[in-house]
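Below, all heavy atoms of this structure are taken into account, side chains as well, without hydrogens, waters or symmetry copies. Numbering of ligands and ligand atoms starts at 1, following listing order.
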Amino acid sequence: MSASASDYHTIAGRLAFPSLAFIDGGWQAAASRRVYENINPATGAVIGTVAHCDAADVDRAVAAARASFEAGAWSRAAPEVRKAVLLRLADLVRAHAEELAVMESLDSGKTVKDCLNEIGHEVPTFFQWYAELADKSFGKVAPTGEKTVAMIVKEPVGVVGLVLPWNFPMLMAAWKLAPALAVGCSAVLKPAEQTPLTALRLAELAMEAGLPAGVLNVVPGFGETAGQAIGRHDDIDVVSFTGSTEVGAYFLKYASESNLKPVGLEMGGKSPMIVLDDADIDDALIASAINAAFWNGGQNCSANMRQIVDRKVKDNFLQQVLDKTRALKVGDPLDPATDIGSMVSAEHRTRVLSYIEAGRQEGARLLAGGGISAGLPGFFVDPTVFDEVAPAMRIAREEIFGPVLGVIGVNGLEEALQIARDTDYGLHATVFTSNIDKALHLAKRLPCGTVAINGFTEGNVTTPFGGFKRSGSLARDNGTEAVDQYLQTKTIWMSLR
Ligand code: NAD
């Protein structure tokens, strides 16, 4: 029998929440002894306090990571050794999935349903997949002729700084840690200040799986202090960041003002969904449209908020979208029947509401939602649908990161493409059409890292994920491409006598 809301509340009541930093294989208070309050956004209640790490703690974490990297128990271990540890970690995450999912739900306001899917399935899949890759990657021998042998080998880059957002706390940790650890790097990871808990617990599980002390360090703290200290640290070799475009730009500045470390950036989006007049407006398409806009309460970098729909099918599309939107259950994230949990914080809810207000002011037609969810504690926003969104409106140009679906009517493919392309971002797009030529024409012309055809998806562990334009750098998470962020290339040239 599947668990109920009351089962998950019982689990929540029994949880022990991590509160310290995890440095050099153990729990440590911030050097300053400062802590901050961690809030459950679905209730506004304080979950507990968490170490308020700053530059001094980042220094300690980097020193531990460097020492572990130089010692070599992980960085120079045979790949099958790293593989065995990461496979054990995947199993431990699976075994603790319920506890971790409830912890993450409390920390973020995400629904327990989504947390269970991410932590019970996706996170362990990432550790397993990169564990399996560890002993299946080969170097090259260059074609240099008879008198020489030139080997091209890949080496772990060293100490990596991983800075994470709050919208998929444990999944984003896995996206970065799994490939970084699999190739032998040591890591200093900073979770978002709003959602520190599962990354801290993951570090503990990694030790249980057999990861040597110092290889994974987790420093909870704020962006301007701990985040900046990672960005500016002279002994961090690479930073991989996921978060907003604004903060991604800071990391480029930090790198240029410190040791010129390469910076991998996965940033914001304003992704389009195009529905052509030949698309079947069936349940699957509507489910995709709803999921694309409202999954994770719209707090999703690849959310397809700009739904560009041919006017010939728009009325039918909108009616079905509205029916489904009104049926969505907003409420207690620990209730498995809930579709949309709370926004991550009061501050973020204010931002989302300000965009809804901007949509109203600029003349978009509000058809559903539009405000705070009545009768709920915490920071909830009702799923909101706007029609008659114009491409120049702020809600069509800026990332809202909340449950807002906007419909833009168009006449034909070329107008749809022109509007879809007209954005500073380039993370994702979805296309619905029954014509394969049109689908591939759009896929080739859309300037973004992922194009989904006839179904909203971000892909899976096997496919690289990242953005064009202001959504990302050339680095990619996921797929075999992800390991490139954490490896450097060495040539060994041997002259034969
Ligand atoms: P954010 O940029 O505010 O914060 C991300 C991280 O950067 C946090 O750990 C934060 O503490 C840190 N940070 C903030 N200010 C900093 C500073 N001045 N110096 C150093 N570090 C700093 O982003 P967020 O609000 O946590 O997450 C939402 C954003 O993340 C959205 O823009 C979303 O599109 C993006 N995102 C992108 C992807 C992707 O794969 N492209 C995935 C998830 C989220």
Side-chain angles (χ1 to χ4, degrees), residues 36 41 50 52-55 58 107-110 118 161-176 188-196 199 218-233 236 239-255 257-258 263-271 295-305 343-345 347-349 351-352 355 398-402 423-428 448-450 458-459 463-479 481-482 485:
Y36 69 93
V50 178
H52 192 313
C53 292
D54 61 20
V58 169
D107 209 11
S108 63
K110 288 163 67 80
E118 286 154 29
L162 310 175
V163 180
L164 304 183
W166 44 258
N167 57 343
F168 296 97
M170 199 165 178
L171 188 59
M172 291 300 106
W175 277 24
K176 295 195 188 294
V188 175
L189 182 148
K190 192 194 91 59
E193 52 271 32
Q194 299 88 345
T195 53
V218 179
V219 282
F222 288 74
E224 296 73 17
T225 45
Q228 178 161 193
I230 288 174
R232 290 188 180 279
H233 208 290
I236 288 183
V239 160
S240 183
F241 165 82
T242 295
S244 62
T245 297
E246 183 191 354
V247 175
Y250 288 143
F251 276 93
L252 293 178
K253 179 174 144 71
Y254 301 153
E257 291 174 357
S258 58
V263 177
L265 299 173
E266 301 285 349
M267 302 180 288
K270 191 72 196 176
S271 300
W295 172 39
N296 210 35
Q299 301 168 121
N300 177 20
C301 53
S302 55
N304 290 180
M305 182 275 170
M343 299 293 94
V344 75
S345 64
E347 186 190 10
H348 186 59
R349 178 170 72 174
R351 175 190 151 96
V352 172
Y355 275 109
E398 297 174 24
E399 185 176 45
I400 301 174
F401 226 58
T423 167
D424 292 336
Y425 294 105
L427 194 57
H428 186 276
C448 57
T450 299
E458 296 180 342
T463 52
F465 186 80
F468 289 16
K469 304 203 272 184
R470 292 190 194 187
S471 289
S473 57
L474 293 179
R476 289 291 179 267
D477 283 337
N478 309 352
E481 284 78 358
Q485 286 192 63

Those atoms of ligand 1 less than 4.0 Å from some heavy atom in G227: 20 (C), 21 (N)

Contacting atoms of ligand 1, where contact means under 4.0 angstrom from a heavy atom of N167: 43 (C), 44 (C)

Closest approach of any protein heavy atom to atom 27 (O) of ligand 1, naming residue and atom: P165 CB, 3.4 Å

Any protein heavy atom nearer than 4.0 Å to atom 21 (N) of ligand 1: yes

Polar atom proximity, E193 to ligand 1 (N or O, under 3.5 Å): yes

Sub-4.0 Å heavy-atom contact, A192 with ligand 1: yes

Closest candidate by heavy atom, reference atom 9 (O) of ligand 1, pool V344, T242, L164: L164

Side chain proximity check, E257 to R232, heavy atoms < 4.5 angstrom: yes

Value rounded to 0.5 Å, distance of CG in D424 from CZ in R470: 4.5 Å

Selection from P169, G243, P191 by shortest heavy-atom distance to atom 30 (O) of ligand 1: G243

Ligand 1-proximal atoms of W166, by part, heavy-atom distance under 4.0 Å: both

Distance (rounded to the nearest 0.5 Å) between C301 SG and F465 CZ: 4.5 Å

Atom of P41, atom of S345 and distance for their closest heavy-atom approach: CB-N, 4.2 Å

Sub-3.5 Å N/O-N/O distance, S471 and ligand 1: no

W175 N/O to ligand 1 N/O under 3.5 Å: no

Closest protein heavy atom (residue, atom, distance) for atom 41 (N) of ligand 1: M267 O, 2.8 Å

Check: F168 N/O within less than 3.5 Å of ligand 1 N/O: no

Closest contact, heavy atoms only, V263 versus S473: O-OG, 3.8 Å

Closest non-hydrogen atom pair, M267 against L427: O-CD2, 3.9 Å

Pairwise distance OG(S244) to CD(E266) - rounded to 0.5 angstrom: 13.0 Å

Close N or O approach (S244, ligand 1; < 3.5 Å): yes

K270 and T423: side chain donor to acceptor below 3.5 Å: no

S471 side chain vs G268 backbone, donor-acceptor pair below 3.5 Å: yes

Structural part of H348 in contact with ligand 1, heavy atom criterion under 4.0 angstrom: neither

Part of N300 with heavy atoms under 4.0 Å of ligand 1, whether side chain, backbone, both or neither: neither

Residue Y250 vicinity, atoms of ligand 1 by number, heavy atom under 4.0 Å: 18 (N)

Side-chain donor-acceptor pair present, D477, Q485, cut-off under 3.5 Å: yes

Closest approach of any protein heavy atom to atom 15 (N) of ligand 1, naming residue and atom: V247 CG2, 3.5 Å

Enumerated ligand 1 atoms positioned under 4.0 Å from heavy atoms of G223: 11 (O), 12 (C), 13 (N), 14 (C), 15 (N), 16 (C), 17 (C), 19 (N), 20 (C), 21 (N), 22 (C)

Nearest non-hydrogen protein atom, atom 32 (O) of ligand 1: E399 OE1, 2.7 Å

Subset of ligand 1 atoms that lie under 4.0 Å from at least one heavy atom of L427: 41 (N)

Atom indices of ligand 1 within 4.0 angstrom of F241 heavy atoms, with elements: 2 (O), 5 (C), 6 (C), 7 (O)

Ring centroid separation F401 to Y355 under 6.0 Å: no

Contact partition for D477 relative to ligand 1, non-hydrogen atoms under 4.0 Å: neither

Point-to-point distance, once rounded to the nearest 0.5 Å, from OG1 of T463 to CD of E481: 9.0 Å

Selection from Y254, F251, F465 by shortest heavy-atom distance to atom 17 (C) of ligand 1: Y254

For atom 28 (C) of ligand 1, the protein heavy atom that lies nearest, with its residue and separation: F401 CE2, 3.4 Å

G227 backbone acceptor or donor facing Y250 side chain under 3.5 Å: no

From CA spacing to verdict: ring-ring contact (aromatic ring centres under 6.0 Å, His included), F241, W175: CA-CA 11 Å; F241 165 82; W175 277 24; over 10 Å; no

Side chain proximity check, P196 to D107, heavy atoms < 4.5 angstrom: yes

Interatomic spacing from CG in N300 to NE2 in H428 - rounded to 0.5 Å: 8.5 Å

For atom 36 (N) of ligand 1, the protein heavy atom that lies nearest, with its residue and separation: C301 CB, 3.5 Å

Residue Q228 vicinity, atoms of ligand 1 by number, heavy atom under 4.0 Å: 19 (N), 20 (C)

